[in-house]
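Everything numeric here is computed off the predicted structure, so don't read it as measured data.
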There are 2 protein chains.
Amino acid sequence: MDLTVRRAGRLLTMAGEPLADAAVVVRGGRVVWTGPDRDLPPDAPEQTLDAEGACVVPGFVDAHTHLMFAGVRREEFVARLAGTSYDGGGIRTTVAATAAASDAELLDLAQARVDSALGHGTTTMEVKSGYGLTVESELRLLRLVGELGRRTPVRLEATYLGAHVVPAGRDRDGYVDEVVATLPQAAAAGARWADVFCDEGVFTVDEARRILTAAGSHGLGLRLHAEEIARTGAAGLAAELGCASADHLEHVSAQDARAMAAAGVVAVLLPTVTLSLRSQAWGHAAVLREAGVELALATDCNPGTSWCESMPYAIQLACLAMGLSVAEAFRAATVGAAHSLRRDDVGHLGVGAHGDLVVLAAEHEADVVAHLGGRAVTSTVVSGVLAR
Amino acid sequence: MDLTVRRAGRLLTMAGEPLADAAVVVRGGRVVWTGPDRDLPPDAPEQTLDAEGACVVPGFVDAHTHLMFAGVRREEFVARLAGTSYDGGGIRTTVAATAAASDAELLDLAQARVDSALGHGTTTMEVKSGYGLTVESELRLLRLVGELGRRTPVRLEATYLGAHVVPAGRDRDGYVDEVVATLPQAAAAGARWADVFCDEGVFTVDEARRILTAAGSHGLGLRLHAEEIARTGAAGLAAELGCASADHLEHVSAQDARAMAAAGVVAVLLPTVTLSLRSQAWGHAAVLREAGVELALATDCNPGTSWCESMPYAIQLACLAMGLSVAEAFRAATVGAAHSLRRDDVGHLGVGAHGDLVVLAAEHEADVVAHLGGRAVTSTVVSGVLAR
């Protein structure tokens, strides 16, 4: 919990300008000092991590994942690349595989993914339910996210996404009623957030309003899958309800983006989804930036549309495909993503923040973006403890 | 040099259909048998590599790199992403940094890159000169490629690219004369290939014809940077001269593509360049495929427009951004790339081929494409020897 990080050739605290030849002091798991290495306080902890001149950044905050699942969707993926129309069943395929897996199997699969994310520098991660779609199975997934949180140093934020898709054979009004009725149990099972997949062919704006309004009344924070498949006005709903985040946003209008900015809704960008789906939807980041919306990045880790645990990969694509600057992308992957989770204790290295940081495998964060396919992270520290 | 690879859950030999539950026998560095693991010959070598159910593919052939350079081009990269017009000097910046580096420094830098490539599964790699631009400095780079080849198990193919750009302050006719006059020395210094950057603002089709015609008369094989910046007819020249490869081809016409197919010119696709430059030029692969041109993949490893040593990353982008199927991309990265180097002894695992192979970190090659930012390669074998 006490650690001195020395010889950071470059340090991005996200709480001020970048520092050269810097050091970080963590005590009791929290940042107590950052500054020039030569000015290191004499009582700094003996336990030292030598960054050897590399760039040090806050631990990445992955603001949107669907980590808790079983099964693979290889046939669907191969068919998509080969240009055939086979969809393989989509989310429902994963629901079936997840139902067939034991708790131990699901936990092992999720733990391997979160370990991988930790190796890629993620220290805080949002994790959604949503591959259950019955009351019991959704609560099971939330309990497993809680158990996963006890097994990993990564800070997990659990989100109830019962409204992921209307289950096959269910009446949609009845299913929305069930999701609303499940909200208090979801909170009791550990969910801090509620989310709805509000899009064409999934849940309508009115259904999402009903679910999220109820969620807020039960003390859950609000997130929203918005404007991914088509422009539905979901981003406007996120502004209306004061959601912490609206996620995806490929089809957001400039007007709804301005409403998001005014309401303080953070935009969670998911560039790996655009690549995986080959949808070429890269323009929305510029619309959101122009409107003054705060940007966050996430992997959307899921088996069908973004099999990815790597925030550096998301950063790379955010820059090279989506057009963010290097500075914008690193901000979105740290402090922007933290704000999308309404947290000011992670995503930066200001005094008082958790001692979560990453030693990059480069002397400058731009090299991590430019070096395609290269290793991005040397070490990941959580609460002042070397975790990977 | 003698090795038995067992328990390949899936084996792509590129010399026949994929095999399930397969084994490979290498003797004296060459493949002598592939088949079902249960039919393994009783006299197979005792030295064994257990693939543990993973997918095994031929070692990757990287058909286009500019590996031998010093210096970084970070300012140019950051400025490009930030949308400013600063170009930082481009190739000439690297020429200056390369001239300032000692032989030992250049070799260490290049060796680190080739080691990285080996870790990503590359077992054969083309390496160009071109950051010298004087007679002596170009020959120095070719000699260093030869020295690098003695230090690494990766099979290197050296290419003389004196015609990379007209050096600042030089008369262009005089420089073309010098490049032509240097060809015999380049061959003596170890070059097997000659290449010209034939494009708008670089060398013209007539200049490229003159250089490559002379190169052929000195026994050098012919390659051509073609149609990257603008449509100049360079691909037609590659067909006219019977080049082994035409590379880039972002602006190739359907007619020139058909001429390439008829002349047996292999198209070397460089998807990481399109991503790095944010040029959105993804459509040419479809034009080339439609014309029946054989496709190859490469990283174009260079400090300015594609800092990448990873063939799995090139494969991933070839599929997800360029639209190749998984099967097309793996073929292009192995046997297609070998054909672009006019080699039939690498890029496949038919009997008689070099025992160069890769154990993927996945049970199916499609998973390496789908799993963004994940580790792609577990082990790399060259000539039946575990190299990484």
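In terms of heavy-atom proximity, A/Arg74 sits nearest to B/Ala366 at CG-CB, 4.0 Å. Of all heavy-atom pairs spanning B/Ser325 and A/Ala82, the tightest one is CB-CA, 4.4 Å.
At a 4.5 Å heavy-atom cutoff, the contact between A/Val369 and chain B is made by backbone and side-chain atoms alike. Neither the backbone nor the side chain of A/Leu277 comes within less than 4.5 Å of any heavy atom in chain B.
Partners of A/Ala286 under the side-chain contact (heavy atoms from CB on, under 4.5 Å) rule, at least two apart in sequence or in another chain, are A/Arg289. Listed by chain and residue number, nothing satisfies the side-chain contact (heavy atoms from CB on, under 4.5 Å) test with B/Glu290 (two or more places apart in sequence, or in another chain).
When each of B/His371, B/Arg375, B/Gln280 is scored by its heavy-atom pairs under 4.5 Å with chain A, the top score falls to B/His371. Interface summary for chain B: among A/Ala321, A/Ser116, A/Gly374, the most heavy-atom pairs under 4.5 angstrom belong to A/Ala321.
Residue-level contacts of residues 301-320 of chain B with chain A, in order of numbering, are B/Trp307, B/Cys308, B/Glu309, B/Ser310, B/Tyr313, B/Gln316, B/Leu317, B/Cys319, B/Leu320; threshold 4.5 Å between heavy atoms. For residues 267-276 of chain B, heavy-atom neighbours of chain A at less than 4.5 Å comprise B/Thr272, B/Leu275, B/Ser276, sorted by residue number.
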